[in-house]
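Step one of this worksheet: look at the structure below.
Quick caveat, the model's predicted, so the values are computed rather than measured.
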Amino acid sequence: MTSHRAPAAAGTRRSAGPPALPGPTVTPATEPFWSGLRAERLLLQQCERCGAPQHYPRAVCRCCWSEDLRWIPSTGRGTVWTFTVVHRPGNPAWAPRVPYAVLIVELDEGPRLVAGYTGLLEDLSVGLRVAAGFEHHATHSLLVFHPEPTVAVQA
């Protein structure tokens, strides 16, 4: 069935504004992660039995299948494992940002995760050291990474 809109009244213009950025699908297993981002904390799950940290959040340990998991803070630091630069977004809400990068970051704690990038694209490379940041929106917060500041070594 086709849906039709009524035409705008003469002399008026419809302005829907930019589309809202899509947010996460929050589940009971992922809610602490998303709440952590709102509080500007990157949280990972850690198994109480074997000690393995993990991301993405889930009900059991990826290593030993234990259900005894807790949430721990991450340092938020890691290394770019791989990335892609997006020129044609899959959702129109991201169109104003093109080109933008999507990273897979290997955190210092071990897990890898997907996130955005807020640095200059010309500075982006595999192996780049990055630090977590947080991008807040009306309904959710997103994890983004930026280049980790370099410390000059004095001779």
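- A pairwise comparison of heavy atoms in L44 and P111 identifies CD1-CG, 4.2 Å as the closest pair.
- Rounded to the nearest 0.5 angstrom, L143 CG and L37 CG are separated by 5.5 Å.
- By the side-chain hydrogen bond (donor to acceptor under 3.5 Å, both in side chains) test, R62 pairs with no residue at all, sequence neighbours left out.
- Identified under the ring-ring contact (aromatic ring centres under 6.0 Å, His included) test for residues 103-134, with sequence neighbours left out: none.
- R49 approaches S66 most closely through the heavy-atom pair CZ-CB, 3.8 Å.
- Contact annotation: the side chain of F145 never approaches that of L128 to less than 4.5 Å [non-hydrogen atoms, C-beta and beyond].
- In R129, the CZ atom is crowded: over 12 heavy atoms of neighbouring residues, nucleotides or ligands sit closer than 6.0 Å.
- The side-chain hydrogen bond (donor to acceptor under 3.5 Å, both in side chains) contacts involving residues 83-97 comprise R97-E135, where partners must be two or more places apart or lie in separate chains.
- Linking ILVMFWY residues whenever their side-chain heavy atoms come closer than 4.5 Å, directly or via other members, leaves F83 and V144 in distinct clusters.
- A search for side-chain hydrogen bond (donor to acceptor under 3.5 Å, both in side chains) contacts involving D68 returns nothing, not counting sequence neighbours.
- When atom types are taken as modelled, the side chain of T79 and the backbone of W81 share no donor-acceptor pair closer than 3.5 angstrom.
- Screening residues 19-28 for salt bridge (charged side-chain N to carboxylate O under 4.0 Å, His left out) gives no qualifying pairs among residues at least two apart or on separate chains.
- Hydrophobic clustering, with ILVMFWY side chains joined whenever heavy atoms are under 4.5 angstrom apart, groups V98 together with L142.
- Shortest non-hydrogen contact noted between P92 and P96 is O-CD, 3.9 Å.
- W65 meets the side-chain contact (heavy atoms from CB on, under 4.5 Å) test with V60; sequence neighbours excluded.
- Applying the salt bridge (charged side-chain N to carboxylate O under 4.0 Å, His left out) test to pairs two or more places apart or on separate chains, none has a residue in residues 51-60.
- Atom SG in C64 sits 11.0 Å away from atom CD in E48 (nearest 0.5 Å).
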Extract all donor-acceptor atom pairs below 3.5 Å that involve side chains of residues 99-107 and protein atoms in other chains or at least two apart in sequence.
residue : atom : partner : partner atom : Å
E106    : OE2  : R112    : NE           : 3.3
E106    : OE2  : R112    : NH2          : 3.3

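- For the side-chain hydrogen bond (donor to acceptor under 3.5 Å, both in side chains) test, residues two or more places apart in sequence or in another chain that qualify with T30 are T27.
- The shortest side-chain heavy-atom distance between E109 and L42 does not fall under the 4.5 Å cut-off.
- Using a 4.5 Å cut-off between side-chain heavy atoms of Ile, Leu, Val, Met, Phe, Trp and Tyr, with links allowed through other members, L121 and V126 fall into the same hydrophobic cluster.
- Sorted by first then second residue, the ring-ring contact (aromatic ring centres under 6.0 Å, His included) pairs that include residues 40-62, not counting sequence neighbours, are F33-H55.
- Listed by first then second residue, pairs satisfying salt bridge (charged side-chain N to carboxylate O under 4.0 Å, His left out) with a partner in residues 32-46 read E31-R38, not counting sequence neighbours.
- T118 pairs by the side-chain hydrogen bond (donor to acceptor under 3.5 Å, both in side chains) definition with nothing, not counting sequence neighbours.
- Put simply, L69 and I72 are part of two different groups of oily side chains (I, L, V, M, F, W, Y) that touch within less than 4.5 Å, one to the next.
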Check the pair W71, Q45 against side chain to side chain contact (heavy atoms under 4.5 Å, CB included), reporting the backbone distance first and the verdict last. CA-CA 5 Å; W71 289 92; Q45 285 182 313; 3.6 Å; yes
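- Residue C47 is tested with P53, C63, C61 for a side-chain contact (heavy atoms from CB on, under 4.5 Å); the sole match is C61.
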